[in-house]
Amino acid sequence: MTPFANLLDRLIYTPARNTKLALIVDYFRHAPDPDRGWALAALTGGLSFPGVKAGAIRDLAMRRVDPVLFQWSYDYVGDLAETTALIWPERRTNRAWPTLGEVVHGLQTTARADAPDVIEEWLDPLDATGRWALLKLITGGLRVGVSARLAKVALAEYGKVDATEIEEVWHGLTPPYGELFAWLDGAAPRPDLEDKPVFRPPMLAHPLEDAEVAGLDFDAFLAEWKWDGIRVQVVSRAGQKRLYSRTGDDIGAGFPDVLDAVSFEGVLDGELLVGIDGDVRPFNELQQRLNRKSVTAAMLRKHPAFVRLYDILFDGREDLRALPTMQRRARLEAFVERHAPQRMDLSEVVDFSSSDELERMRAGARGTSTEGLMLKRRDAPYVAGRPKGLWYKWKRGPLTVDAVLMYAQRGHGKRSSFYSDYTFGAWRENPETGAAELVPVGKAYFGFTDDELKLLDKWVRDHTVNRFGPVREVEHALVFEVAFDSVNRSPRHKSGVAMRFPRIARIRWDKPAAEADRLETLEKLIE
Amino acid sequence: MASPHPETWVEVRPQGLYVVPGDFYVDPLRAVDRAVITHGHSDHARAGHRSVMATVETLAIMAHRLGAQPEQDKRALAYGEVMRVGETEVSLHPAGHVLGSAQVLVEYQGSRIAVSGDYKRRADPTCAAFVPVKCDVFVTEATFGLPVFRHPDDRAEIAKLLDSVRLFPERCHVVGVYSLGKAQRVIGLLREAGWHRPIFVHGALQPMCALYEAHGVPLGDLRPATAGAKGSPKDEFKGAIVLAPPSAIIDRWARRLPDPVVCMASGWMRVRQRARQGGVELPLIISDHADWDELLQTFDDVGAPEIWITHGREEALMHAASARGYRARALALVGYEDEGGS
C-alpha cells in the first residue's frame with residue numbers, strides 16, 4: 001500500500017503530463033507483483049468493489065467518531081473518503097500496512113456484511129495518506145488526473161515498447177496483468193490474443209494545410225466526406241463484441257443498439273453517428289449519448305445510433321491491414337454486401353475530376369453533417385498512428401465572429417501564473433430593459449502565441465473590474481476574432497448557443513468593443 | 001473570600017477582550033489606551049494604542065511592521081516577569097507560535113485567566129516552546145478546530161521537500177511561506193535536516209529574517225531571490241530552494257524561476273482539495289497552530305475547568321470540550337484572521 005499511496009498522493013497534485021509519466025514509470029519499477037498490476041487496474045478504471053458502498057465507509061467512521069464532529073468535518077472537507085482518512089482515530093496495532101494484493105484479495109473474498117470489519121483492521125496501521133488511498137481505491141473513482149491512455153503510455157515507456165503494442169494487447173488482458181508485466185520485463189513472450197476481441201490502434205490523418213494543397217497529387221488519393229461524429233472501431237471475435245473509441249475506451253455499454261446488430265466476425269473502422277435511415281443528425285444529438293454507462297429506451301428511440309463504415313482491418317480473422325487502401329475498400333464493400341450488417345452503412349466515395357472541383361465540394365460541405373473531406377492515399381496500407389503523407393483531413397474553413405472578452409481564468413501547470421482561459425461574449429438587447437448587454441457565448445484557451453499570452457495576461461491584470469477566486473472579470477474593451485467549427489442551440493447556456501471547438505484566431509487590439517458581433521449573427525450560423 | 005470568576009471581571013467589548021480591574025485589552029481589534037499584545041501578527045498587533053505591553057521581540061516586530069509610533073508608551077516584559085496593572089498582576093508565558101509570542105496570564109484576587117493568543121505545541125527551532133500555565137479560564141484559538149486537522153511530523157514534511165529536490169534536480173522548489181514565523185521556521189527545519197546550502201528568499205521576507213537573526217535565531221546563508229530577474233540566467237536556481245510569500249508563488253514573480261515545483265507550507269495543506277485549488281504541486285503540512293489533538297491536550301495540561309474560544313472553528317471545539325467535561329464558551333470575537341499563516 002505504501003508505494004501506491006505515495007504515488008496517488010503525488011499524482012493528485014501533479015499537473016504536468018511528463019512528471020506524471022515519470023512518477024508512474026518509477027512506481028512500476030519499484031512496486032512488487034501483483035500490487036503494481038492492481039494499481040494499474042485502479043488507474044485505468046478496471047477495478048471496482050461494488051460490495052462496498054460509500055454508506056459503509058460512513059458507518060465505519062461512526063464506529064470511532066462522534067457523528068456531530070464527523071458531519072462538520074465532512075461539510076468542510078467535502079469528500080467522504082478523505083474525511084474518514086483524516087479523522088480516523090488510530091488505535092495502536094502490531095499489524096503491518098496491508099499490501100495492495102491483500103486488500104484486493106480480501107475484498108473479493110469477503111462477504112459484503114463482513115467487509116467493514118476487514119477494512120477497519122486495515123485502517124489502523126495506515127497513516128492518513130495510506131487510509132485515503134485505501135478508501136479511494138475501495139470506493140472507486142481515484143480522480144488523480146491519469147487517463148487510461150496515460151497509464152498505457154507509462155507502460156510502454158516502462159517496457160520500452162511502442163504504445164500501439166500496449167493498445168493491441170490491452171483488451172485481451174485482465175488484472176493483475178501478470179503476463180503483461182512478465183512480457184514487459186522480458187521474462188515471457190507477448191500475450192496471446194487469438195480469441196480476444198482486442199482493440200487495434202487506428203490510423204489517423206494529418207490536417208491538410210492550405211500551403212500543401214497546391215503540391216498535392218490529388219490523383220493518388222481517394223476522397224470521402226469527413227463525418228461529424230466520433231471515430232469508432234467495431235470488433236467481433238470468437239463471439240465477443242466490442243465498440244471502442246479512437247483511444248481504445250470500450251464504449252459499448254452506451255451503444256447496445258449498435259452492438260446488438262453485429263452478427264459477423266471482423267474488425268471495422270468507421271464513424272459513430274446518430275440518425276435514421278442514413279439521415280445524419282447534428283453532433284450535439286450524438287453528444288447526448290456519449291459518456292454514459294447505460295442508456296434508456298427513450299434515448300435509444302430518440303437518438304438511434306449507427307456506424308458509417310470506411311475501412312476494414314480484419315475480415316473474419318484475416319488481417320487486411322497490409323493491403324493498399326483500394327483493395328481494403330473493395331473488401332469492405334464485399335463484406336457489407338455479404339453480411340448486410342444492420343445499423344451500419346458505407347461511407348461513400350466522393351468522385352472528383354479535379355482538385356478545383358474537390359475544393360468547391362469541401363467549401364460546400366457545411367450543412368451536411370460533415371466537417372470537410374478525407375483524403376486517403378490509394379496505395380497506403382493501414383498503419384497505426386499518424387503516418388505522414390497517407391491520410392489527410394481537409395476541413396472546411398472555420399466560421400468566425402468578433403466577440404468581446406468578459407472573463408479570464410488562471411491556467412494550469414505551466415500556465416498557472418497566467419490568465420489564459422478566456423470567456424467571451426456577443427452583444428444583444430436585454431429582453432427586459434432593451435439595453436445593450438454582452439452574453440457569454442464561449443470559452444477558449446488556445447490559438448495565441450506565448451508572446452501574445454504575455455500581453456493578454458497583462459491586459460487582463462490592468463483591466464480587472466472584479467475577482468472571483470481564480471477568475472477575473474474585465475472591462476468590456478478587448479475584441480477577439482474567434483474561429484469555430486460550428487454552432488448549435490444549447491438550452492444550457494444563457495446565450496442559447498454553444499460553439500464547437502472555439503479558438504482565438506486573432507486578437508483585435510484595434511477594434512472597439514461596441515463593434516463586435518451580435519448574438520443574432522451567431523444564431524444565423526446554426527445549421 | 002472566594003475568588004471572583006473571570007466572567008465577572010473580563011468582558012468582550014467591540015474593541016476586544018477587556019480586563020476591567022486592569023483597564024486594558026488583550027490584542028484589541030482597534031486603537032485603545034492600554035493594550036497587552038500576544039504576538040506580532042497583524043490581526044493581533046494593531047497600530048495606534050497609547051500604551052503597549054508585550055515581549056521585547058513582539059515590540060520589535062511591531063516597530064518594524066507598524067512604524068516606530070514615538071508617542072506610544074512601550075513596556076517590554078520578559079517571560080515569567082510579573083507586572084502590576086491596575087488591580088491585576090500580568091505576566092507573559094511562551095506560546096510557541098512565533099518569535100516573541102506569549103500567553104497573557106492575568107491574576108485578580110486569586111482568580112486566573114490565561115489568554116493564549118495563537119499557539120502551538122511542537123518544537124520550533126525559532127521560538128520558545130509553549131509552557132502550560134495553571135489557570136481558571138483558558139482562552140484558546142480554534143484555527144484548526146476540526147478533528148480532520150492532525151498535523152503530521154514536520155520533519156517528515158521537510159524530508160518530503162528534500163526528496164523532491166533530489167528527484168527533480170533541474171527544477172527549482174519555491175515554497176510559499178508567511179513572512180513572520182513560517183518563513184523562519186521552515187528555514188530552521190531545513191537547517192536541522194542538514195540543508196546548509198544557500199536558501200533564496202523573496203524580498204518581502206528578508207527584513208523579518210534579519211529581525212529574527214538580530215534576536216539570536218541563526219538562519220544560515222540566506223540570499224535574495226532577485227537574481228534571474230530581467231533575463232539573467234536562471235541556472236542559479238536549479239536545484240535550489242526559494243521561499244516567497246504565498247501570493248507570489250504562482251504569480252508573475254515566480255516566472256523567473258526554472259520550471260518551479262510549487263510548494264506551500266501551511267496547516268491547511270492537510271485537505272487535498274484546498275491544496276489543489278491553490279495550484280500547489282507539493283503541499284507541506286507545517287503549521288504554527290495547535291492541531292485538533294493538541295488543542296484538547298492543552299486543555300488537560302492547563303487544568304482549567306473552563307475554556308473560552310476566541311476565533312476559528314469554535315463550534316466543533318466547543319462540542320468536543322463540553323463532551324470532555326469542560327465548560328466551553330465561544331467569545332465570538334470578529335477580526336482575527338489568518339494572517340499568521342497557520
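Quick note on labels: first sequence line is chain A, next is B, and so on, each numbered from 1. Side-chain atoms are counted along with the backbone in the values below, which use heavy atoms only and exclude waters and symmetry mates.
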Identify the two heavy atoms, one from [X] and one from [Y], that lie closest to each other, and give their separation to 0.1 Å.
| X | Y | value |
| --- | --- | --- |
| E82(A) | Q273(B) | OE1-N, 4.3 Å |
| T83(A) | V148(B) | O-CG1, 4.0 Å |
| R270(B) | L86(A) | NE-CD2, 3.3 Å |
| E281(B) | T19(A) | OE2-CG2, 4.4 Å |
| R410(A) | I250(B) | NH1-O, 3.2 Å |

Is D457(A) in contact with chain B via its backbone, its side chain, both, or neither, using a 4.5 Å heavy-atom distance?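 It is the side chain, since no backbone atom gets that close.
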
Can you tell which part of W88(A) gets under 4.5 Å to a heavy atom of chain B, answering side chain, backbone, both or neither? backbone

Please lay out, stage by stage, how R461(A) and D251(B) fare under the test salt bridge (Lys or Arg N to Asp or Glu O under 4.0 Å). CA-CA 11 Å; R461(A) 290 168 191 272; D251(B) 211 347; 2.7 Å; yes

Could you walk me through whether R272(B) and T129(A) pass side-chain contact (heavy atoms from CB on, under 4.5 Å), step by step? CA-CA 10 Å; R272(B) 287 183 172 73; T129(A) 302; 3.7 Å; yes

Pi-cation contact, W72(A) with R313(B) (under 6.0 Å, within 45°):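 Because its charged atom misses either the 6.0 Å distance or the 45° angle limit, R313(B) does not stack over W72(A).
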
Do the numbers put R255(B) on top of the ring of F418(A), so that NZ or CZ is under 6.0 Å from the six-membered ring centre and no more than 45° off the axis? yes

Counting only heavy atoms not in [X], do more than 12 sit closer than 6.0 Å to its [atom1] atom?
| X | atom1 | value |
| --- | --- | --- |
| N466(A) | CG | yes |
| R91(A) | CZ | no |
| K53(A) | NZ | yes |
| Y445(A) | OH | no |

Check whether [X] gets within reach of chain A through its side chain, its backbone, both or neither, counting any heavy atom under 4.5 Å.
| X | value |
| --- | --- |
| V280(B) | backbone |
| W253(B) | neither |
| A254(B) | neither |
| P283(B) | side chain |
| R276(B) | both |

Could you tell me whether a side-chain N or O of R252(B) sits under 3.5 Å from a main-chain N or O of S417(A), the two making a donor and an acceptor?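 Side chain of R252(B) to backbone of S417(A): no pair is present.
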
Do Y13(A) and M269(B) touch side chain to side chain, with heavy atoms closer than 4.5 Å? no

Report yes if some heavy atom in the side chain of H319(B) is under 4.5 Å from a heavy atom in the side chain of L69(A); otherwise report no. yes

So which of T84(A), V77(A), D79(A) has the biggest tally of heavy-atom pairs under 4.5 Å with chain B? V77(A)

Scored by heavy-atom pairs under 4.5 Å with chain B, the best of D66(A), D127(A), T14(A) is D66(A)

